[in-house]
Trainee: 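Sharing a structure, written as structure tokens. Questions coming.
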Amino acid sequence: MNTLKPKERMQIQRNEMPEQKPEERVHNFNEVPLGFDPEMAVLEATRCLDCKKPECIAGCPVGIDIPGFLNKIVDQDFAGAAAKIRETNFLPAICGRVCPQDQQCELVCIVGRKNKPVSIGYLERFVSDYERDNGIRTTPEVAPPTGHSMAVVGSGPAGLTAAYELRKRGHEVTVFEAFHRGGGVLVYGIPRFRLPLEVIDEDIRTLEEMGVKFQYDAIVGKSMTLDELMGPEFGFSSIFLGTGAGLPKMLGIKGENLNGIYSANEYLTRIYMMGALHFPEYVTPIHQGAKVGVIGAGNTAMDVARTAKRMGAEVTVYYRRSREEAPARKEELRHATEEFINFKFLTNPVEFIGDENYTLKAIKCEVMTLAEPDESGRRKPIGTGEFFTEDVDTVVFSLGCNVNPIIAEATPELKTDKWGVVSADRGTLETSKKGVFAGGDIITGGAKVITAMGQAKIAAQAMHDYVMSLEMETA
Amino acid sequence: MPKQFEILYREELVPKTVLFNVYAPLAARAMQAGQFIILRVTEKGERIPISISGWDSEKGTVRIILMAAGRTSTEATLLQVGDCFQDIVGPLGRRSHVEELPGTVVVIGGGYGTGAILPTARDMKALGNKVIGIIGARSDNLLLLEDEMSDICDEVFITTNDGSKGIQGFVTHALEQIVNRETVSYVLAVGPVPMMKAVSEMTRPLKIQTWVSLNAIMVDGTGMCGACRCTVGDKTRFACIHGPDFNGHEVDFAELVARQKMFLKEEKIAMDALKIEEVA
Ligand SMILES: Cc1cc2nc3c(=O)[nH]c(=O)nc-3n(C[C@H](O)[C@H](O)[C@H](O)COP(=O)(O)OP(=O)(O)OC[C@H]3O[C@@H](n4cnc5c(N)ncnc54)[C@H](O)[C@@H]3O)c2cc1C
Ligand SMILES: Cc1cc2nc3c(=O)[nH]c(=O)nc-3n(C[C@H](O)[C@H](O)[C@H](O)COP(=O)(O)OP(=O)(O)OC[C@H]3O[C@@H](n4cnc5c(N)ncnc54)[C@H](O)[C@@H]3O)c2cc1C
Ligand code: SF4
Ligand code: FES
């Protein structure tokens with residue numbers, strides 16, 4: 001029980017997360033925020049006003065009972081707090097680390113009006129880490145068998161969440177994953193210093209304990225069609241597509257295929273999923289020079305820049321707008337700046353210059369300026385006609401992704417827009433193909449972990465309703 | 001039932017080149033001519049793309065031919081019957097272009113490429129085309145799959161650089177004889193880049209439809225990373241999802257060769273590490 005009066009709670013200052021110092025952390029791949037200890041967590045949770053109309057819940061895309069779990073922390077019932085979160089969010093250790101709380105729950109937290117908001121994200125992380133570190137996590141309950149089996153395609157946050165929600169309702173679930181391991185972007189994109197592998201693997205293990213089957217090295221659309229999955233050979237009643245976006249957008253400028261230029265996906269996949277940071281113990285190589293340029297200023301670009309720094313380079317970020325427009329989370333920009341990353345705002349790469357061996361040597365940029373805000377309020381960058389050229393050994397571009405065409409090519413009935421984004425019904429997330437539902441980056445073209453999870457929950461419920469109504473029809 | 005990715009058959013065809021029959025039912029079930037798989041040998045291993053030279057969807061097996069080029073392919077060729085690959089994923093890439101044609105179809109293989117062209121040759125034959133095969137090697141003792149080529153094709157030309165068998169010289173010498181003799185409508189060439197380039201140069205003025213399979217460096221093989229990008233017809237294409245076969249007359253081969261060398265330094269380190277492990 002929180003015995004402090006609201007006024008007293010408002011006076012407690014936000015507990016700042018202890019972090020590795022920049023000088024140290026640029027030499028390792030360990031997590032930057034070190035985590036709360038139990039005392040700090042209890043004190044921080046005590047700051048919550050337990051609002052009658054909690055704005056934070058409305059701000060959370062999956063509606064976690066935030067004051068509910070914070071109260072349990074105050075009572076030092078950390079396992080209970082974790083269980084409370086898991087009622088709505090299956091992946092709290094992941095979300096606690098990668099969700100942009102500053103744009104969601106913490107943005108609207110009432111305490112934030114007068115003081116700094118409650119550290120909801122760090123507390124979410126704290127309770128799930130406490131559970132893992134103390135080995136007290138329990139396997140979630142599974143309802144009695146429904147007799148249906150469901151196929152989940154992709155093992156990113158959308159697929160893992162769909163698998164959990166469907167299994168919980170008593171369906172047999174098989175996850176098909178193209179890669180040799182599960183996790184999707186959580187493993188091949190997001191760096192280890194933001195999200196350690198153990199965290200992801202623990203969640204996959206929990207699903208296995210619940211009886212979810214994982215079929216790795218399986219490319220749906222190539223190994224089998226969606227119709228075959230729902231046909232007699234495989235016998236699935238319904239399919240969830242959570243295959244993400246994952247087709248890197250190219251710059252479309254001269255020299256983009258020179259040696260030394262990577263997409264963010266390739267760069268991060270080599271280093272994290274394939275283990276090039278432990279080369280040659282892990283056999284996949286990465287070739288990186290002393291000077292690395294990163295193009296773009298979103299979260300992915302920050303991840304690349306900070307990774308390149310840890311791999312020993314001097315790193316410069318090139319972005320055609322100004323710092324204010326940079327789409328990355330504020331914390332990521334801060335971390336990158338602290339880690340001695342150089343930023344060149346209002347610079348737009350126009351050409352890569354190579355030598356006779358097709359090896360990148362320099363980058364040519366145009367100096368940009370921002371136009372007056374247009375109707376949408378956005379200030380468009382426009383060229384000034386002034387150019388400069390700089391030496392660079394490696395460039396990684398991070399311009400976002402289109403949707404992978406493999407499944408759509410194999411499934412003509414599946415409607416997509418011109419970027420390959422799969423269309424789904426707003427209410428049920430059913431696609432234009434009967435029995436096939438979708439969620440995550442495949443229907444947004446690229447969003448957030450928590451949006452992918454929220455959509456997977458909606459789709460899983462709709463899939464459940466769909467197969468149960470099939471039964472009614474046949475009965 | 002065999003284990004996942006278990007090696008059921010192994011044969012060293014020529015020195016450093018090994019044919020494997022592997023249990024990989026998901027890769028085998030929908031395989032088509034011209035497609036490939038990606039494999040890993042160990043848990044810490046690299047993913048490398050390998051063409052398919054045959055498969056049995058019923059038995060769930062794929063047949064691959066591996067040439068020991070560097071670290072991973074060398075490790076792979078050391079595996080024995082009963083061993084398992086760490087991973088095999090496929091089918092990847094698009095099916096080779098096949099159609100019924102008025103003139104002759106010529107399929108050309110160099111090195112492991114001879115295995116890769118077999119399924120396409122078979123499909124072309126099944127459509128009623130006249131199919132001629134050309135296989136080239138440095139020397140007689142390095143020729144692959146001659147018998148099988150002869151079974152499928154109406155005629156097979158052999159070329160060796162040293163003249164120890166067939167026509168002395170390159171596959172283009174055989175191709176030249178064929179185009180001088182009859183109307184050729186289609187050429188598919190799979191093998192080392194200089195060979196594919198030479199074939200494409202030769203057929204360009206003759207306006208013969210020519211396909212080459214691009215052995216770009218790959219990571220995922222599903223379009224996610226762009227490692228395999230090539231310039232074809234002045235456009236950036238991903239070899240893994242838009243290919244691996246492309247119009248040979250439009251491919252920027254010089255860029256492909258350069259990109260294949262991107263990790264030369266690291267490849268040597270990885271290979272040396274393997275030697276050290278072996279000694280230990
Ligand atoms: C570098 C980077 C950093 C990011 N940082 C953040 C962050 O801090 N916070 C945040 O909220 N979001 C972040 N995002 C975005 C977030 O990761 C994605 O929105 C989220 O992962 C989408 O989840 P998903 O399940 O839809 O797809 P993915 O995570 O992309 O998973 C899709 C899975 O499907 C598999 N697959 C694809 N095709 C097939 C097929 N045909 N058959 C079988 N399997 C297939 C893929 O291999 C993959 O494993 C980041 C993204 C990147 C790239
Ligand atoms: C579509 C396709 C089909 C192929 N089919 C076959 C086949 O049937 N049999 C066969 O023996 N080989 C085949 N290859 C080539 C094979 O993938 C490379 O020989 C192999 O990756 C070399 O790896 P390594 O570690 O042994 O050698 P490394 O020492 O790493 O490299 C030797 C050379 O191989 C190339 N290479 C290296 N890594 C890769 C990679 N990840 N992907 C592609 N090329 C790479 C580079 O040009 C390099 O210089 C194919 C390649 C492609 C793209
Ligand atoms: S808005 Fe802030 S203070 Fe109110 S319940 Fe949510 S976390 Fe607590
Ligand atoms: S290998 Fe990654 S996109 Fe082709």
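Since this is a predicted model, take the numbers as computed values, not measurements. We name chains A, B, ... by the order of the sequence lines, and we start the count at 1 in each one.
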Trainee: Between M262(B) and Y262(A), is any pair of side-chain heavy atoms under 4.5 Å apart?
Mentor: yes

Trainee: Heavy-atom pairs under 4.5 Å with chain A: which of G226(B), A273(B), P91(B) has the most?
Mentor: P91(B)

Trainee: For the interface with chain A, which of R71(B), E255(B), K261(B) has the highest count of heavy-atom pairs at distances below 4.5 Å?
Mentor: E255(B)

Trainee: Please state whether the side chain, the backbone, both or neither of R270(A) comes within less than 4.5 Å of a heavy atom of chain B.
Mentor: side chain

Trainee: Between V89(B) and F179(A), is there a side-chain heavy-atom distance shorter than 4.5 Å?
Mentor: no

Trainee: Calculate, to the nearest 0.5 Å, the distance between atoms CZ and CG belonging to F5(B) and D217(A) respectively.
Mentor: 4.5 Å

Trainee: Apply side-chain contact (heavy atoms from CB on, under 4.5 Å) to residues T269(A) and D220(B) and explain how you reach the verdict.
Mentor: CA-CA 9 Å; T269(A) 301; D220(B) 60 305; 5.9 Å; no

Trainee: Let me know if D252(B) has heavy atoms under 4.5 Å from chain A in its side chain, its backbone, both or neither.
Mentor: side chain

Trainee: Around atom NZ of K249(A), are there more than 12 heavy atoms of other residues, nucleotides or ligands at under 6.0 Å?
Mentor: yes

Trainee: If you measure from CG on N404(A) to OG1 on T222(B), what distance do you get to the nearest 0.5 Å?
Mentor: 5.5 Å

Trainee: Please find the pair of heavy atoms, one from S223(A) and one from A30(B), that lie closest to each other, and give the distance.
Mentor: O-CB, 3.6 Å

Trainee: Please look at E256(A) and chain B and tell me whether the side chain, the backbone, both or neither of the residue comes under 4.5 angstrom of a heavy atom of that chain.
Mentor: both

Trainee: Within the 3.5 Å criterion, strictly below it, is a donor on N257(A) or T236(B) matched to an acceptor on the partner's side chain?
Mentor: yes

Trainee: Of the backbone (N, CA, C, O) and the side chain (C-beta and beyond), which part of F397(A) lies under 4.5 Å from a heavy atom of chain B, both, or neither?
Mentor: side chain

Trainee: To the nearest 0.5 Å, what is the distance between NZ on K222(A) and CG on L26(B)?
Mentor: 14.5 Å

Trainee: Is chain A contacted by the side chain of Q35(B), its backbone, both, or neither, given a heavy-atom distance below 4.5 Å?
Mentor: side chain

Trainee: Which of these passes side-chain contact (heavy atoms from CB on, under 4.5 Å) with M274(A): K44(B), E46(B), R40(B)?
Mentor: R40(B)

Trainee: What residue, out of P280(A), A264(A), P285(A), A218(A), has the most heavy-atom pairs lying under 4.5 Å from chain B?
Mentor: P285(A)

Trainee: For the residue pair F263(B) and H287(A), does the interplanar ring angle fall in the parallel (under 30°), tilted (30 to 60°) or perpendicular (over 60°) class?
Mentor: perpendicular

Trainee: Is the shortest heavy-atom distance from the side chain of Y216(A) to the side chain of Q4(B) under 4.5 Å?
Mentor: no

Trainee: In Å and rounded to the nearest 0.5 Å, what is the CD to CZ distance from E266(A) to R229(B)?
Mentor: 7.0 Å

Trainee: Report which part of Y188(A) has an atom under 4.5 Å of a heavy atom belonging to chain B: side chain, backbone, both, or neither.
Mentor: side chain

Trainee: Can you tell which of L268(A), I261(A), T225(A), T359(A) has the highest number of heavy-atom pairs within less than 4.5 Å of chain B?
Mentor: I261(A)

Trainee: Any chance you could measure I38(B), atom CD1, to H180(A), atom NE2, to the nearest 0.5 Å?
Mentor: 10.5 Å

Trainee: Measure distances from I217(B) to the heavy atoms of chain A and classify the residue's part below 4.5 Å as side chain, backbone, both or neither.
Mentor: side chain

Trainee: Against chain A, label I37(B) side chain, backbone, both or neither, depending on which of its atoms sit under 4.5 Å from a heavy atom there.
Mentor: neither

Trainee: So with a 6.0 Å cut-off around CG of D234(B), is the heavy-atom count from everything else above 12?
Mentor: no

Trainee: Verify the neighbour count for atom CD of Q80(B): are there more than 12 heavy atoms of other residues, nucleotides or ligands below 6.0 Å?
Mentor: yes

Trainee: Identify which part of T42(B) has an atom lying under 4.5 Å from any heavy atom of chain A, answering side chain, backbone, both or neither.
Mentor: neither

Trainee: Please identify, among N357(A), L258(A), I286(A), the residue contributing the most non-hydrogen atom pairs under 4.5 Å to chain B.
Mentor: I286(A)

Trainee: Less than 4.0 Å between a side-chain N and a carboxylate O, is that true for E233(A) and R29(B)?
Mentor: yes

Trainee: Among N265(A), I406(A), N259(A), L247(A), single out the residue with the greatest number of heavy-atom pairs under 4.5 Å to chain B.
Mentor: N259(A)

Trainee: With chain A, which of C230(B), A270(B), G223(B) has the greatest number of heavy-atom pairs at distances under 4.5 Å?
Mentor: G223(B)

Trainee: Atom CE in M224(B), atom OG in S263(A): separation rounded to 0.5 Å?
Mentor: 8.0 Å

Trainee: Which bit of M273(A) is near chain B, if near means a heavy-atom gap under 4.5 Å: side chain, backbone, both or neither?
Mentor: neither

Trainee: Just do the side-chain contact (heavy atoms from CB on, under 4.5 Å) check on E43(B) and Y282(A) with the steps written out, would you?
Mentor: CA-CA 9 Å; E43(B) 212 179 320; Y282(A) 283 72; over 6 Å; no

Trainee: Would a 4.5 Å heavy-atom cut-off, applied to side chains only, mark F279(A) and E266(B) as touching?
Mentor: yes

Trainee: Does any heavy atom of chain A fall under 4.5 Å from the side chain of A254(B), the backbone, both, or neither of them?
Mentor: both

Trainee: Taking the side chain as every heavy atom from C-beta outward, state whether R94(B) and E409(A) have any atom pair closer than 4.5 Å.
Mentor: yes

